[in-house]
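Step one of this worksheet: look at the structure below.
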Number of protein chains: 2
Amino acid sequence: MKEKSTSFDIAYRAGVSQSTVSRALRNSPLVNAATRSKIQAIAKELNYKVDKNASNLRSQQSDTIALLLFEDPTNDDSAINPFFLSMLGSITRACASKGYDLLVSFQQASEDWHADFEDSNKADGLILLGYGDYVDYEEKLVKLLDQGTHFVRWGAEVKHLPIISVGCDNFTGGKEITEHIIKLGRKSFAFLGSASSHAPEFFERYKGHCQALKAHQLTVNPALQFNAMYTEESGYQAACRLINSGESFDAICAACDLIAVGAMRALQEHGFKIPEQVSVVGFDDIAIASFTFPPLTTVKQDTKLAGELLVNTLLSLIHGEEASTTLIPPELVMRKSCAS
Amino acid sequence: MKEKSTSFDIAYRAGVSQSTVSRALRNSPLVNAATRSKIQAIAKELNYKVDKNASNLRSQQSDTIALLLFEDPTNDDSAINPFFLSMLGSITRACASKGYDLLVSFQQASEDWHADFEDSNKADGLILLGYGDYVDYEEKLVKLLDQGTHFVRWGAEVKHLPIISVGCDNFTGGKEITEHIIKLGRKSFAFLGSASSHAPEFFERYKGHCQALKAHQLTVNPALQFNAMYTEESGYQAACRLINSGESFDAICAACDLIAVGAMRALQEHGFKIPEQVSVVGFDDIAIASFTFPPLTTVKQDTKLAGELLVNTLLSLIHGEEASTTLIPPELVMRKSCAS
DNA sequence: ACGATTTACTTTATCGTTTTCATCGAAAAA
DNA sequence: TTTTTCGATGAAAACGATAAAGTAAATCGT
């Protein structure tokens, strides 16, 4: 196995200095076209690749961005939420199209992630992805800000801090999907998902939900709100609690698709007909949603657009350009889990 | 925003030389415990992080592995196959637990990927993931081998080359799932998925399928084999071709779950009852499989195990240890899409 | 008590680039 | 002819760590 060649080897063969080689390989106009192509030919022949470590060290940039995925530590060996998986896919694609490498990393919210990737020069910037619980998360965001780290968050806007976010308009989504069912004639709405600021996106969806109810002179019954995490199992259990509560209801708004899927399972086990007796809706539009029985009516978050926005925004930040928080409009996806 | 501090800053404050700092931070036993902790304290206080580029450059290793995901260029804006997404998740986790960073990259089989990541010292090794079409893929594998690049493939064993692979035992999986339906009493089996070596894993499954048929004195009817790619749409179309062919059949073995899902859609649109008239099975056990109607009986590939195996094997290779190709045993997952 | 280890550092070389600064011949301007 | 200006290149200084080699003081065995 041959030694890996360096720019000096090429310089030697081309009969020029190493610095000329470096310039030629980066298509610098400072080097004569003839020598440039000669050098490039030799480089190709030797199968030469610039050493990224050396290059990054000198130029102080890595052309790499890091994606930090936050997951609830409690369910760490279960599958990753398909919604985030889908985001991951689109972010990967978006990065590639911009010529950036993507470093993917899982983090537990509790860890010392805040000062790792950009500080060690492994990445030029960070994308933070996950359902954010703000308990001590926010304090770390502030630290990132202090350090001048470039980063973009996925999620609800943080009003009181100069943090750039890209997120879905959860409030509007929650409102519109609820209005949709209201128009179908349902009266008693249960909401499955957290109604507290610990889960900001769920909370926004809940607020939109309530807003829609009020706008149509329907009462918001707190006894019909049940907490649930973003898992199928959690949705199943919340629905069981709902059913056992004895409250009557004819519609369920789930804070995310996985919850909705779990809820449908619980309902069907208890003999409820969907959508005849109960209309069910979710949020996210994960792949599973179109294959459930009945197919789930939900709110689509455009992950492709989101991924592109996330990396474009981050890149702007890195390049010192202006950037601002963006909300992606939600989109209703009507399927069969609702009826009048 | 303060300058980022270097090991010299720490050395200055601690009153020692820079190299002592370097050692202290790596917990070298060569430095006195007292000074070591003093240095580490200062480092923490200054929020110092070692510069990975400098460190990697000097030590010639990156503690990073690259995951190359191959996707069919034709469907590049559609969603990524959930099976690979799931693998991605488990590989990410496995890497993290070993203290390695993960660089994720999409590649088109046609591109010049073979010499990029390890040659440029961005990664210490490669994981190759994707349904492999061997046309000019193999030639690149040989190049990787020549270069001494450390890599592991996901997929069927490559018999004639010293390449380490981790894969599912597709043959056995295909055989067992087919036997399962045979025992249920079905007689006319259609197979949806490529039966050629261009799609090695599908081909293996097909061979297992045929083997099972023969072992039970059933005929393999070539007119009941239809090509399909690994997408839902492709499965749908293959099933339509099957239906329109006029051949009679009472069971469909799909080469992967997505194909099965598409096939079920086609069957139901044409009024077939699943599983009463037609039994359907898939392969992979993607998340969707448990939510289809009826829930899909399939062969589970344990992605968690696969991810761990992939990174452990690669790490062995990197560290110069012995490693060998591994086959993961498939596991039947009985659900409701088959009946006697 | 005296050379031989050990312990705890410091010095110096090195990794392979990018980048600044200096150079040098030739064409253009004076 | 002499001086400028440029276009093209080379030499050398970073970049920020790690690793090998060197040094002084403390510890040791006999």
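In this structure, of C:dC15, C:dT18, C:dT11, it is C:dT18 that holds the atom nearest to the side chain of A:Ser55. Checking D:dG16, C:dT17, C:dT11 against every side-chain atom of B:Ser17, the shortest atom distance belongs to C:dT11.
Classified by interplanar angle (parallel below 30°, tilted 30° to 60°, perpendicular above 60°), the ring pair A:Phe83/A:Trp154 is tilted.
Protein atom CZ of B:Phe8 is 10 Å distant from nucleotide atom P of D:dC15, rounded to whole Å. Atom CZ in A:Arg26 sits about 11 Å away from atom P in C:dT17, given to the nearest Å. B:Asn56 has its CG atom 15 Å from the C1' atom of C:dT14, to the nearest Å. Across the protein-nucleic acid pair, A:Asp51 atom CG and D:dC15 atom P stand 18 Å apart, rounded to whole Å. Here the P atom of nucleotide C:dT18 and the CD1 atom of A:Ile10 are 11 Å apart, to the nearest Å. Between the CZ atom of B:Arg36 and the C1' atom of C:dA8 there is a distance of 12 Å, rounded to whole Å. D:dA8 atom P lies 20 Å from atom CD of A:Gln18, rounded to whole Å. A straight line from CG of A:Asn32 to P of C:dA26 spans 15 Å, rounded to a whole angstrom.
Within 3.5 Å, a donor on the side chain of B:Ser19 pairs with an acceptor on the base of C:dT11, or the reverse. In this model, no side-chain donor or acceptor of A:Arg23 finds a partner on the base of C:dT17 within 3.5 Å. Within 3.5 Å, no donor on the side chain of B:Arg58 pairs with an acceptor on the base of C:dG16, nor the reverse.
The side chain of A:Gln60 places no N or O atom within less than 4.0 Å of a non-bridging phosphate oxygen (OP1 or OP2) of C:dT18. Proximity of B:Thr6 to the phosphate of D:dG16: no side-chain N or O atom is located under 4.0 Å from OP1 or OP2. An OP1 or OP2 oxygen of D:dT9 is reached within less than 4.0 angstrom by no side-chain nitrogen or oxygen of A:Thr20.
A:Thr326 pairs with exactly one of A:Leu309, A:Asn312, A:Leu305 by the side chain to side chain contact (heavy atoms under 4.5 Å, CB included) rule, that one being A:Leu309.
Residue B:Val16 is the one, among B:Ser59 and B:Val16, whose nearest nucleotide of DNA chain C lies closer to the 5' end (criterion: closest heavy atom).
B:Ser62 and B:Asn56 are not linked by any side-chain donor-acceptor pair at a separation below 3.5 angstrom, with hydrogens and angles left out of the test.
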>> Assess the residue pair B:Leu102 and A:Leu103 against the criterion (side-chain contact (heavy atoms from CB on, under 4.5 Å)); give the C-alpha distance rounded to whole Å, side-chain angles, the decisive distance to 0.1 Å, and a yes or no.
In response: CA-CA 6 Å; B:Leu102 214 222; A:Leu103 219 36; 5.8 Å; no
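Ion pairing between B:Lys4 and A:Asp119 fails under the 4.0 Å rule for side-chain N and carboxylate O.
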